[in-house]
Amino acid sequence: MDFDPGIYLITVVMMIAGCREQQQVESPDTNKETALAMFDAFNKHDWQKMADYYAEGADFLDPSLGKSFVKQSHKEIVDKYQGMQQMFPDIKDEVTSVHVDGEAVIVQFTSHGTMDGGTSFSLPIITVLTFDDGLITRDATYYDLENE
């Protein structure tokens, strides 16, 4: 059997195309799907997977972190939410509305949880997620604890 470079080239191209198709199926293909996948990881308490939806060093605006944007590494994201889960072992977010505006996804949701002593909370929250190349680069989260 003789070596046919044309057959070899076609085989390699098909293998690469097959790998690309599989990658596209495994990862969300829109910012909205990525945002919802991130909330799904949150609800499963899979903090590392949740952090992986963010760019390393993403900017966060969150009342729990202060009054201005701060950069957070994946490790800092994981640590923050692990700590939150320790305080509220059953914490979950219920997404009630999603709006897409260009590279931004605005998500309205209610966060629910119960402390070990039985004290529970239900907190309405809005977050504006900004994307670049499929990753969240900015997370501006707004809520009011004074009315709780």
Side-chain angles (χ1 to χ4, degrees), residues 9-148:
L9 181 60
I10 290 171
T11 302
V12 170
V13 169
M14 290 180 70
M15 287 173 52
I16 292 170
C19 289
R20 285 188 180 160
E21 285 178 23
Q22 185 174 356
Q23 288 172 351
Q24 290 173 353
V25 170
E26 292 176 1
S27 64
D29 60 3
T30 69
N31 294 343
K32 179 180 178 180
E33 288 175 359
T34 300
L36 292 174
M38 185 271 294
F39 274 90
D40 184 57
F42 178 95
N43 285 334
K44 291 178 179 174
H45 299 173
D46 188 342
W47 309 125
Q48 185 59 58
K49 184 173 184 178
M50 184 186 128
D52 289 342
Y53 289 108
Y54 288 85
E56 185 65 35
D59 291 318
F60 282 79
L61 178 65
D62 184 320
S64 72
L65 299 172
K67 294 185 177 186
S68 55
F69 280 97
V70 295
K71 292 198 177 297
Q72 294 279 280
S73 68
H74 285 174
K75 182 181 179 331
E76 290 170 315
I77 295 168
V78 169
D79 290 348
K80 174 187 175 183
Y81 288 99
Q82 282 177 337
M84 190 181 298
Q85 183 185 359
Q86 287 176 357
M87 290 187 338
F88 304 100
D90 63 345
I91 192 164
K92 297 276 190 240
D93 288 343
E94 178 187 346
V95 174
T96 54
S97 176
V98 180
H99 176 76
V100 179
D101 185 12
E103 294 301 310
V105 177
I106 300 119
V107 183
Q108 181 178 351
F109 61 100
T110 303
S111 192
H112 304 276
T114 309
M115 294 179 83
D116 284 336
T119 303
S120 63
F121 77 93
S122 179
L123 181 65
I125 302 173
I126 293 216
T127 191
V128 180
L129 305 171
T130 304
F131 287 81
D132 188 15
D133 288 331
L135 293 174
I136 302 165
T137 57
R138 184 171 257 216
D139 180 326
T141 298
Y142 304 94
Y143 54 89
D144 183 6
L145 290 177
E146 292 184 26
N147 291 324
E148 272 301 292

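The minimum heavy-atom distance linking Asn31 with Gly134 is given by the pair OD1-CA, 4.4 Å. Taking both residues in full, the closest heavy atoms of Glu76 and Ser73 are given as OE1-N, 2.7 Å, listed atom of the first, atom of the second, then distance. When all heavy atoms are compared, the tightest approach of Ser64 to Tyr143 is N-OH, 3.4 Å. The heavy-atom pair separating Asp116 from Pro89 by the smallest distance is OD1-CG, 3.6 Å. Summarising the geometry of Tyr53 relative to Ala41, their closest heavy-atom pair is CE1-CB, 4.3 Å, with the distance given to 0.1 Å. Shortest non-hydrogen contact noted between Ser120 and Thr114 is CB-OG1, 3.7 Å.
A donor-acceptor pair is defined here as one N or O able to donate and one able to accept, closer than 3.5 Å; such a pair exists between the side chain of Thr96 and the backbone of Gln108. Between the side chain of His45 and the main chain of Ile91, a donor-acceptor pair closer than 3.5 Å is present. When atom types are taken as modelled, the side chain of Asn43 and the backbone of Lys92 share no donor-acceptor pair closer than 3.5 angstrom.
The distance from the CG atom of Asp139 to the CG atom of Leu61 is 8.5 Å, given to the nearest 0.5 Å. Going from atom OG1 of Thr130 over to atom CD1 of Ile106 covers 8.5 Å, rounded to the nearest 0.5 Å. In this structure, the separation between CD1 on Ile136 and CZ on Phe60 is 7.5 Å, given to the nearest 0.5 Å. How far CD1 of Ile126 is from NE2 of His99: 11.0 Å, rounded to the nearest 0.5 Å. Interatomic distance, NZ of Lys44 versus CE of Met50, reported as 14.0 Å (0.5 Å rounding). Rounding to the nearest 0.5 Å gives a distance of 8.0 Å between OG1 of Thr34 and CG of Leu135.
The side chain to side chain contact (heavy atoms under 4.5 Å, CB included) check on Val95 picks up Leu36, Phe39, Val98, Val107, Phe109, with sequence neighbours excluded.
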Problem - CA sep, side-chain torsions, deciding dist, call: Gln72, Tyr54, side chain to side chain contact (heavy atoms under 4.5 Å, CB included) - result: CA-CA 9 Å; Gln72 294 279 280; Tyr54 288 85; over 6 Å; no
Exercise for the section: Could you please spell out the steps behind the side chain to side chain contact (heavy atoms under 4.5 Å, CB included) verdict for His112 and Phe121? Expected result: CA-CA 6 Å; His112 304 276; Phe121 77 93; 5.7 Å; no
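A salt bridge (Lys or Arg N to Asp or Glu O under 4.0 Å) check over residues 48-64, counting only residues at least two apart or in different chains, returns the pairs Asp59-Lys71, Asp62-Lys80.
Taking the six-membered ring where the residue is Trp, Tyr81 and Phe42 present perpendicular rings, their angle passing 60° and hence far from 30°.
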